[in-house]
Every structure is written in C-alpha cells, then in structure tokens.
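Remarks on the structure that follows.
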Amino acid sequence: MKIAFVGKGGSGKTTLSSLFIRRLAAVRIPVLAVDADINQHLGTALGLGDEEATALPAMGARLSLIKDWLRGTNPRIGSAETMIKTTPPGTGSRLLRLSEDNPVFAACVRPVPLDEGEAGLMVTGPFTEADLGVACYHSKTGAVELCLNHLVDGRQEYVVVDMTAGSDSFASGMFTRFDMTFLVAEPTRKGIAVYRQYKEYARDFGVALRVVGNKVQGPEDLAFLREETGDDLLTAFGHSDWVRAMEKGRPPRFDVLEEPNREALRTLHEAADGSYERRDWRRYTRQMVHFHLRNAESWGNTRTGTDLAAQVDPGFVLDERAVSPQPA
C-alpha cells in the first residue's frame with residue numbers, strides 16, 4: 001500500500017506521517033518510510049539523532065545505481081542515461097518488492113528501530129550548497145518517483161511518503177502514485193486553501209484524498225474543518241504532550257500516546273487498508289504513461305536527445321503479478 005502525507009509547510013504532515021509509521025510498526029506491518037520533502041525531518045521525527053539523520057544515504061546521489069538496476073533488460077530503454085524520473089517499467093524492467101533484497105534498497109534503505117518494531121527509511125537527500133543556482137529541487141525527488149513507478153507492493157506492506165509541502169507535489173505525476181493521500185490541514189484559512197488546491201488538481205486523476213485535521217483545539221476548530229472540507233474530513237488530532245516531547249528530542253514510548261490520538265491513527269490505518277479494494281493497476285499504469293509522455297514532450301526529449309515516447313511498452317501493466325527478470 002502506497003500512502004502519501006501532504007499539506008502546507010508547518011501543518012504537521014511530517015509529525016503525523018511519523019506517527020502513522022509508528023502505528024504500522026507497532027502492529028508488525030512491514031513499512032518503508034520515504035522522506036521526499038526537501039526539508040529532511042522524517043528521520044528525526046522517527047527518533048534519529050541529528051547526526052544519524054544527516055548520515056542517511058541520499059537517493060539522489062545514487063540515481064545512477066537506481067537507473068542501472070531498474071532498467072534491467074528492457075529493450076525499449078537504450079541506456080540508463082536516457083531514463084528520466086517518469087520512465088515507466090516494461091517487459092524486462094526490474095521491479096521493486098518490499099519483501100525482496102535488491103541493490104536499490106541495499107544502497108538507500110536504512111533500518112530505524114522504534115519502540116515496537118522497526119521501519120526502513122529512504123531519503124531524497126537535502127538541497128545542498130552545490131545545488132544553489134544550478135538545480136531545481138524537484139529533481140531531487142526524481143529518484144523517489146522512479147522507484148514508485150517500479151514498485152510492486154501488496155496489502156500487508158506499506159510505503160509511507162512524506163511529500164513536499166503545499167501544492168509542489170504536482171510538479172510531477174508523483175501525486176497519482178498512491179492508494180491513499182492524507183492531506184494534513186490546520187483549522188485555518190491557509191490550511192483550507194491548500195486543501196482546495198489539492199482537491200482541484202487531484203479530481204481529474206481519481207486521487208483518493210482524505211483530510212486529517214491537526215492542531216485541533218476544540219469543537220469550534222473541528223466544526224470549521226467539517227464546514228470547509230465536508231465528507232473529506234476523516235479524523236483529527238488534538239493537543240499532544242507526546243508530540244511536544246518528541247519535538248524536543250525526548251519522545252516517550254509510543255504506547256503512552258494519548259488515546260484520542262491513538263484512535264485517530266487507527267482510523268487512518270483502516271482508511272488506508274480499505275483503499276486496497278479500489279486498486280486499479282491498469283489506470284495506475286495508464287497515468288504513469290500519461291505523465292511520462294508529458295515530461296518527454298516538455299523537456300525530456302530535448303534533455304536526453306532521445307524520443308522517450310519509445311520507452312512505453314503498450315502491452316505492459318504493472319500489478320502484483322508482474323515478474324522481474326532474474327539478475328545476471
């Protein structure tokens with residue numbers, strides 16, 4: 001199951017995504033956490049020290065390895081250099097499964113021990129001084145999108161992605177790569193503005209979107225969110241001494257999180273799990289191809305000197321039955 005957390009900067013999406021990851025680990029569900037926000041805070045939210053979080057391997061720095069592995073023996077992709085962030089898999093491509101060892105996960109995933117269980121963690125890597133003036137930060141998330149395009153995941157395994165803030169997630173087709181998107185909204189005009197923008201963008205692509213209220217202080221805040229988001233509002237998180245302690249670098253054990261907030265996490269889990277029945281791998285593949293062709297036409301063909309539309313395998317559908325070629 002692929003789950004995204006989005007929201008405006010400061011809404012608490014990283015905090016809530018880390019709590020959701022802890023919830024999954026606590027009930028012994030395999031979970032891979034991905035920090036796709038250029039402001040890299042998911043590692044520390046999961047309890048890593050600053051030095052440990054800084055030392056995590058950046059996916060962007062390992063993009064060549066990722067491309068080389070995923071290309072496999074796909075005859076439609078002439079070289080790894082012609083792969084862009086939206087390149088879809090086809091016959092001969094290597095696929096990623098959470099239950100299997102592969103060089104991509106070996107290079108990019110690090111285990112994070114939690115009070116109950118553990119999570120794997122991948123990070124895009126921060127925007128560095130070397131990038132200033134020469135790189136668009138959206139390019140940093142390209143490795144994440146490429147991996148999601150080649151990921152085959154089942155019901156009882158989760159990939160939880162902490163996305164870039166605001167509506168920047170729409171800079172690529174990555175926003176369509178999820179079974180469920182949780183939009184974290186504060187009970188403010190700015191929080192609601194991001195919700196409306198996201199809902200408008202997502203409507204045409206069948207993106208499953210639910211609103212999670214955060215920093216809700218009482219019935220008036222909850223009523224405001226309900227009035228503005230209607231049935232999209234799934235649940236809400238209120239004040240949390242546990243979160244305050246976590247933000248100071250001293251998180252208590254997860255099992256002492258306040259019961260109302262634990263109940264909210266259970267609600268998120270149930271909604272995410274329920275989205276499995278609505279999976280449509282053919283639509284998923286079709287949307288993947290749609291955004292690849294758009295990127296190819298707008299910049300990819302010029303950048304690579306190749307007709308990237310030729311990378312599309314018209315007979316290929318990514319689903320749980322898809323098979324990777326055996327490593328040489």
Side-chain angles (χ1 to χ4, degrees), residues 1-7 10-35 37 40-53 56 98-99 109-123 153-163 179-186 210-218 221-222 233-276:
M1 303 294 292
K2 294 180 282 289
I3 310 298
F5 279 80
V6 301
S11 64
K13 66 179 181 62
T14 298
T15 298
L16 294 195
S17 62
S18 72
L19 288 174
F20 185 64
I21 291 162
R22 289 175 185 270
R23 154 75 189 184
L24 295 172
V27 294
R28 299 298 189 267
I29 290 179
V31 55
L32 174 63
V34 182
D35 194 343
D37 192 337
Q40 305 270 277
H41 297 307
L42 184 57
T44 54
L46 289 171
L48 295 182
D50 290 339
E51 291 187 3
E52 291 176 296
L56 290 168
L98 297 186
S99 58
V109 179
R110 295 296 178 267
V112 177
L114 301 170
D115 293 333
E116 304 172 62
E118 70 172 24
L121 176 61
M122 300 171 74
V123 301
D153 54 305
R155 181 171 199 156
Q156 289 302 315
E157 51 189 16
Y158 274 75
V159 176
V160 179
V161 183
D162 182 21
M163 296 282 279
D179 297 289
M180 175 65 70
T181 296
F182 292 128
L183 188 144
V184 180
E186 300 171 85
R210 301 303 302 271
V211 176
V212 183
N214 194 30
K215 305 177 186 179
V216 173
Q217 298 301 314
D221 284 350
L222 191 60
L233 181 64
L234 176 63
T235 189
F237 287 77
H239 173 77
S240 173
D241 289 332
W242 194 100
V243 169
R244 290 293 298 274
M246 181 270 287
E247 291 173 342
K248 294 174 183 176
R250 299 191 294 270
R253 286 188 57 82
F254 181 63
D255 58 11
V256 300
L257 179 71
E258 302 86 0
E259 180 55 33
N261 292 329
R262 292 178 69 86
E263 179 60 30
L265 290 175
R266 284 191 286 269
T267 300
L268 294 186
H269 191 179
E270 290 171 1
D273 189 62
S275 67
Y276 182 84

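When reading the values below, keep in mind they use all heavy atoms of this one structure, side chains included, and skip hydrogens, waters and symmetry mates. Being a predicted model, the structure only gives us computed values, none of them experimental.
Within a 6.0 Å sphere centred on CD of Glu51, heavy atoms belonging to other residues, nucleotides or ligands number 12 at most.
For the atom pair Leu234 CG and Leu183 CG, the distance stands at 12.0 Å (nearest 0.5 Å). Between atom CG of residue Leu56 and atom CE of residue Met122 there is a gap of 11.5 Å, rounded to the nearest 0.5 Å. Going from atom CZ of Arg262 over to atom CZ of Arg22 covers 11.5 Å, rounded to the nearest 0.5 Å. Rounded to the nearest 0.5 angstrom, Glu157 CD and Ile29 CD1 are separated by 10.5 Å.
In terms of the side-chain hydrogen bond (donor to acceptor under 3.5 Å, both in side chains) criterion, Asp115 has no residue partners (sequence neighbours excluded). For Arg155, the side-chain hydrogen bond (donor to acceptor under 3.5 Å, both in side chains) partners at least two apart in sequence or on another chain are Asp273, Glu277. For Ala119, the side-chain contact (heavy atoms from CB on, under 4.5 Å) criterion is met by Ile21, Val31, Leu114, not counting sequence neighbours. Taking Ser240 as the reference, Glu258 meet the side-chain hydrogen bond (donor to acceptor under 3.5 Å, both in side chains) condition, with sequence neighbours excluded. Residues passing the side-chain hydrogen bond (donor to acceptor under 3.5 Å, both in side chains) test with Arg23 are His269, sequence neighbours excluded. For Asp221, the side-chain contact (heavy atoms from CB on, under 4.5 Å) partners at least two apart in sequence or on another chain are Pro187, Val216, Gln217. Among residues two or more places apart in sequence or in another chain, the salt bridge (Lys or Arg N to Asp or Glu O under 4.0 Å) test is passed with Glu263 by Arg266. Annotation: salt bridge (Lys or Arg N to Asp or Glu O under 4.0 Å) contacts of Asp50 (sequence neighbours excluded): none. Evaluation of the side-chain contact (heavy atoms from CB on, under 4.5 Å) rule for Asp37 yields Lys13, Asp35, Asn39, Asp162 as partners, not counting sequence neighbours. Taking Ala26 as the reference, Glu116, Phe254 meet the side-chain contact (heavy atoms from CB on, under 4.5 Å) condition, with sequence neighbours excluded.
Considering Thr15, Val160, Val161, Thr14 in turn, Val160 is the only one that fulfils the side-chain contact (heavy atoms from CB on, under 4.5 Å) rule with Phe5. In summary, of the residues considered (Leu16, Val184, Val212), a side-chain contact (heavy atoms from CB on, under 4.5 Å) with Ser11 occurs for Val184 alone.
The side-chain hydrogen bond (donor to acceptor under 3.5 Å, both in side chains) pairs that include a residue from residues 241-252 are His239-Asp241, where partners are two or more places apart or lie in different chains.
Here the side chains of Met180 and Met1 are not in contact, with every heavy-atom distance at 4.5 Å or above. Counting heavy atoms from C-beta on, the side chains of Leu48 and Leu121 come closer than 4.5 Å.
Across all their heavy atoms, Thr235 and Ala264 have their closest contact at OG1-CB, 3.6 Å. Nearest heavy atoms, Ala185 versus Val211: CB-CG1, 4.0 Å. Considering every non-hydrogen atom in both Ser18 and Met246, the closest pair reads OG-CE, 4.4 Å. Smallest separation of non-hydrogen atoms from Ile3 and Ala272: CD1-CB, 3.7 Å. Taking each heavy atom of Asp179 and Asp153 in turn, the nearest pair found is OD2-OD2, 4.0 Å.
Note: Tyr158 and Phe20 have perpendicular aromatic rings, judged against thresholds of 30 and 60 degrees for the angle between ring planes.
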